[in-house]
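Below you'll find the structure, written out as structure tokens, and then a few comments.
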Amino acid sequence: MDFVLDSPSASHGIPPIDFRAQLNDAQFAAVTAQPSPLLVLAGAGSGKTRTLTYRVAYLLSQGVRPGEILLLTFTNKAAKEMLHRVQDLTGVEPGRFWGGTFHGMGHRALRLHGETISLPRTFTILDADESEGVLRDAVEATDRAFFKDKTHPRPGPLHALLSLARNTQLPLADTITRFFPQHEAIIDRVPLIAKKYAEAKRAANVVDYDDLLEFWLELLRKSPETAAYFAHRFRHVLVDEYQDTNTLQAQIVDLIGSHHRVMVVGDDAQCIYSWRGANFENILTFPDRHPGTTIHRIETNYRSTPQILALANGVLLAQPKGRHFDKELRAHRANSEKPYFVQSMDSREQAQFIVQRIRGLVDEGCALRDIGILYRAHFQALDLQLELSRLQIPYQITSGVRFFEQAHIRDLVALLRFVYNPSDTAAWNRIAILLPKVGNKNAAKLHAAALDHARLLQQDFIDALDTDDVRSKVPKDARDEWPKFTASLQQVRAMMRTMKPHNAVEIALDGWYGDYLKGAYANYVSRLDDLKSMIGFASRYEDMQELLAQIMLLNSETSDRSADPDADALRLTTVHQAKGLEYSAVFLIGLADGMFPLRRTIESGDIEEERRLFYVAVTRARDELYLCFPKVNTKGGPMMLQTPSRFLQELDGDLYQPLKVKRSFGW
């Protein structure tokens with residue numbers, strides 16, 4: 001179907017739009033392209049959403065009916081924003097389109113045609129908690145002892161494991177080896193679990209979130225008539241953030257877009273979510289799967305200064321040949337200062353410098369909310385959070401909660417508090433209920449029994465926990481775990497009495513809680529990094545009393561805060577969560593090899609995604625960019641000298657300027 005250009009009778013009453021005047025040359029070329037496979041490579045800050053919105057408006061202006069357009073996005077918010085912009089441009093109401101998330105559109109398709117693959121129309125959708133409940137019941141019906149082993153994944157992490165395998169279509173064994181290596185011991189048991197979970201859902205006529213994609217793809221594959229219906233109905237398929245699609249989503253697009261009137265918009269240099277299932281190959285091989293693809297590059301950046309973009313282009317140049325699309329960001333703005341390279345002695349000095357510079361920025365008229373502190377992993381911002389709290393500078397963490405408020409950090413601190421002071425029942429309750437089938441009432445009974453026994457026999461409380469009298473009151477499901485639990489508490493106590501606080505933290509992680517962590521969280525590896533950073537933090541204190549007091553004081557200082565997204569507070573975030581955001585000034589911290597890129601990604605060979613993540617980070621800055629390198633690392637124990645991130649070393653030194661940090665923090 002070719003367009004009948006400039007045909008008023010074909011525009012369905014759409015008001016005239018001067019596309020030429022409202023778009024730059026590259027945007028205009030993509031928006032007005034003839035129907036064919038179109039790959040729009042939209043660089044950071046180049047107006048991707050504008051291009052997609054105007055494409056929809058252009059199709060309508062050329063006589064395409066709203067019902068013939070399928071718009072696929074990753075969030076309902078993105079779809080609503082685009083379709084409301086279309087309404088502002090054309091007057092066409094959002095409800096006349098099939099526009100929304102992949103999962104939302106999958107749901108609509110299955111309601112209409114699911115019976116073709118024996119899925120009754122009366123199916124209901126499970127939420128996350130309900131899905132985990134069905135999975136738990138399916139596992140326990142097959143192996144009642146599975147969840148008694150605390151190193152085995154609990155229902156939440158187990159569901160995350162199965163979900164990743166389904167969305168990537170990787171074999172379960174490969175998924176475990178690559179993303180969940182802590183669970184390699186159960187590789188042979190997971191396929192049966194997956195089978196039983198699927199059977200339980202079918203029997204209850206329920207589907208989970210991933211089924212909406214899997215069944216949609218199954219429907220398109222098994223029913224050629226249905227696939228042909230969708231291909232005929234949706235004469236134009238538009239996909240936002242295509243670089244973030246997983247294997248299932250890309251295959252759905254290929255089948256619905258078998259007519260090849262598909263426009264996908266994205267940026268291969270911003271593909272940073274492989275751990276969530278995103279497949280970099282989807283965008284890279286799109287032209288192979290859709291012969292005759294026209295590639296449109298939208299490279300004019302309206303966000304950043306030319307000097308920041310020059311550095312970003314330097315990052316792109318370091319990519320391996322043949323494994324990316326060539327592009328070069330071009331600045332729309334006037335010249336300014338080069339990005340700054342800031343060396344500090346360690347993360348504490350790095351934090352002190354940042355605070356001083358932030359004060360300067362505020363004095364210069366920059367709002368706190370327009371300053372972003374970006375980091376690769378949560379633990380890298382610990383010293384900065386401490387410094388901000390000490391100086392009462394308001395800040396918000398947009399990628400989660402503050403360091404000491406994270407569940408796993410609070411667990412570890414509770415364990416240390418209890419060993420230091422066994423009368424601390426709040427700390428005891430927090431760690432005791434981590435045991436199977438131990439709730440608050442059982443925890444209180446066990447504490448009372450140990451206290452009675454310790455008083456009667458004039459025995460140490462923690463030793464009393466390991467006596468037959470107390471053990472007999474432990475719930476049946478927790479009895480196998482109890483000896484290691486109590487032994488770990490005894491080991492931590494011994495370290496507190498004879499060694500330094502950081503030794504006690506280290507032995508706590510090596511014991512029962514370290515094993516608990518493996519099964520409790522899908523992102524076990526990153527949480528373990530957080531906990532290991534506590535070893536370095538504890539090494540600053542000579543006794544446990546001082547360490548615990550400082551942690552609790554910090555918690556009391558940070559707990560009363562506003563969650564108002566419009567509050568004038570500094571923004572702290574991981575780079576992953578910063579994608580799509582922008583700030584007047586950006587401080588990118590922890591730029592040392594082993595910190596960014598993370599050591600585990602260096603060891604696993606995932607350097608290219610890390611480089612793309614670095615590119616995303618530097619392109620968040622509009623006016624000023626500070627690249628911060630701490631020369632010494634104290635995480636996890638003894639001080640170690642670091643080298644600057646390889647991503648910095650790859651860059652031409654002329655792309656940034658050194659900023660000397662003096663002890664007085666002048667510059």
Side-chain angles (χ1 to χ4, degrees), residues 136-137 139-141 143-158 182-183 185-186 407-408 410-499 503-521 524 531 544 548:
R136 181 191 61 243
D137 293 344
V139 171
E140 291 183 340
D143 181 358
R144 290 197 61 80
F146 183 86
F147 292 122
K148 290 183 180 180
D149 187 330
K150 63 181 175 298
T151 65
H152 289 172
R154 283 160 181 71
L158 183 59
Q182 69 270 27
H183 299 313
I186 62 166
H408 53 299
R410 293 179 67 190
D411 289 344
L412 177 66
V413 171
L415 190 152
L416 297 173
R417 281 172 50 198
F418 169 69
V419 173
Y420 182 77
N421 173 21
S423 298
D424 187 341
T425 53
W428 162 256
N429 287 345
R430 182 168 185 97
I431 60 170
I433 63 173
L434 301 180
L435 293 160
K437 304 298 183 183
V438 175
N440 287 318
K441 287 184 179 179
N442 277 333
K445 288 178 182 177
L446 290 169
H447 191 278
L451 186 62
D452 289 344
H453 194 90
R455 285 172 175 168
L456 181 65
L457 299 181
Q458 294 187 325
Q459 189 178 26
D460 183 279
F461 185 95
I462 289 176
D463 289 334
L465 288 171
D466 197 31
T467 59
D468 290 341
D469 186 48
V470 176
R471 207 161 30 233
S472 66
K473 295 176 174 59
V474 175
K476 182 180 177 183
D477 287 348
R479 286 178 189 168
D480 289 345
E481 203 169 316
W482 189 258
K484 186 161 187 179
F485 173 70
T486 55
S488 184
L489 297 178
Q490 290 167 343
Q491 290 163 359
V492 174
R493 179 192 60 189
M495 282 294 172
M496 282 190 187
R497 290 176 175 174
T498 61
M499 304 292 282
N503 300 117
V505 174
E506 195 165 9
I507 204 71
L509 295 182
D510 286 340
W512 167 83
Y513 187 72
D515 286 342
Y516 164 83
L517 197 74
K518 288 181 181 178
Y521 298 106
Y524 159 76
L531 291 165
M544 186 58 66
L548 293 174

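Just so it is clear, the model here is predicted, and its values are computed rather than measured.
One distance of note links NE2 of His447 with CG of Asp424; it measures 8.0 Å at 0.5 Å rounding. Remark: His183 NE2 to Leu158 CG distance equals 8.0 Å, nearest 0.5 Å. Arg471 CZ to Thr486 OG1: the interatomic distance, rounded to the nearest 0.5 Å, is 7.0 Å. Rounded to the nearest 0.5 Å, atoms CG (Leu451) and CG (Leu456) are 11.0 Å apart. Summarising the geometry, atom NZ belonging to Lys484 is positioned 13.0 Å from atom CG belonging to Leu435; distances are rounded to the nearest 0.5 Å. Between the CD1 atom in Ile507 and the CE atom in Met499 there is a gap of 9.5 Å [rounded to 0.5 Å].
The closest side-chain heavy-atom distance from Arg430 to Arg417 is not below 4.5 Å. Looking at Arg493 and Asp463, their side chains come closer than 4.5 Å, going by heavy atoms from C-beta outward. Here the side chains of Ser423 and Phe461 are not in contact, with every heavy-atom distance at 4.5 Å or above. For the pair Thr467/Gln459, a side-chain contact is recorded, criterion being any heavy-atom separation below 4.5 Å from C-beta on. In this structure, the side chains of Lys437 and Lys476 stay at 4.5 Å or more apart for every pair of heavy atoms. By the 4.5 Å heavy-atom criterion applied to side chains, His408 and Tyr516 are not counted as neighbours. Side-chain contact between Asn442 and Val474 is absent, with no heavy-atom pair separated by less than 4.5 Å. No side-chain heavy atom of Pro483 sits under 4.5 Å from any side-chain heavy atom of Trp512.
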task = Take Tyr513 and Ile431, measure what side chain to side chain contact (heavy atoms under 4.5 Å, CB included) needs, and give me the verdict at the end.
result = CA-CA 9 Å; Tyr513 187 72; Ile431 60 170; over 6 Å; no
task = Evaluate the side chain to side chain contact (heavy atoms under 4.5 Å, CB included) criterion for residues Met496 and Leu416: first the C-alpha distance (whole Å), next the side-chain angles of each, then the deciding distance (0.1 Å), finally the verdict.
result = CA-CA 9 Å; Met496 282 190 187; Leu416 297 173; 4.0 Å; yes
request  = Applying side chain to side chain contact (heavy atoms under 4.5 Å, CB included), run through Phe418 and Val492 and close with a yes or a no.
outcome  = CA-CA 10 Å; Phe418 169 69; Val492 174; over 6 Å; no
request  = For side chain to side chain contact (heavy atoms under 4.5 Å, CB included), just list the numbers for Leu489 and Leu415, CA-CA rounded to whole Å, side-chain angles, deciding distance to a tenth of an Å, and then say yes or no.
outcome  = CA-CA 8 Å; Leu489 297 178; Leu415 190 152; 4.0 Å; yes
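No more than 12 heavy atoms of other residues, nucleotides or ligands sit less than 6.0 Å from atom NZ of Lys445.
At distances below 3.5 Å, not a single donor-acceptor pair connects side-chain atoms of His453 with backbone N or O atoms of Ala464.
A salt bridge links Lys473 with Asp469; the closest basic N to acidic carboxylate O contact falls under 4.0 Å. Between Asp480 and Lys148 there is no salt bridge, since no side-chain nitrogen of the basic residue lies less than 4.0 Å from a carboxylate oxygen of the acidic one. Ionic pairing of Asp460 and Arg497 is present here: one or more N-O contacts between side-chain nitrogen and carboxylate oxygen are shorter than 4.0 angstrom.
By the 30° and 60° cut-offs, the orientation of the rings of Trp482 relative to Phe485 is tilted.
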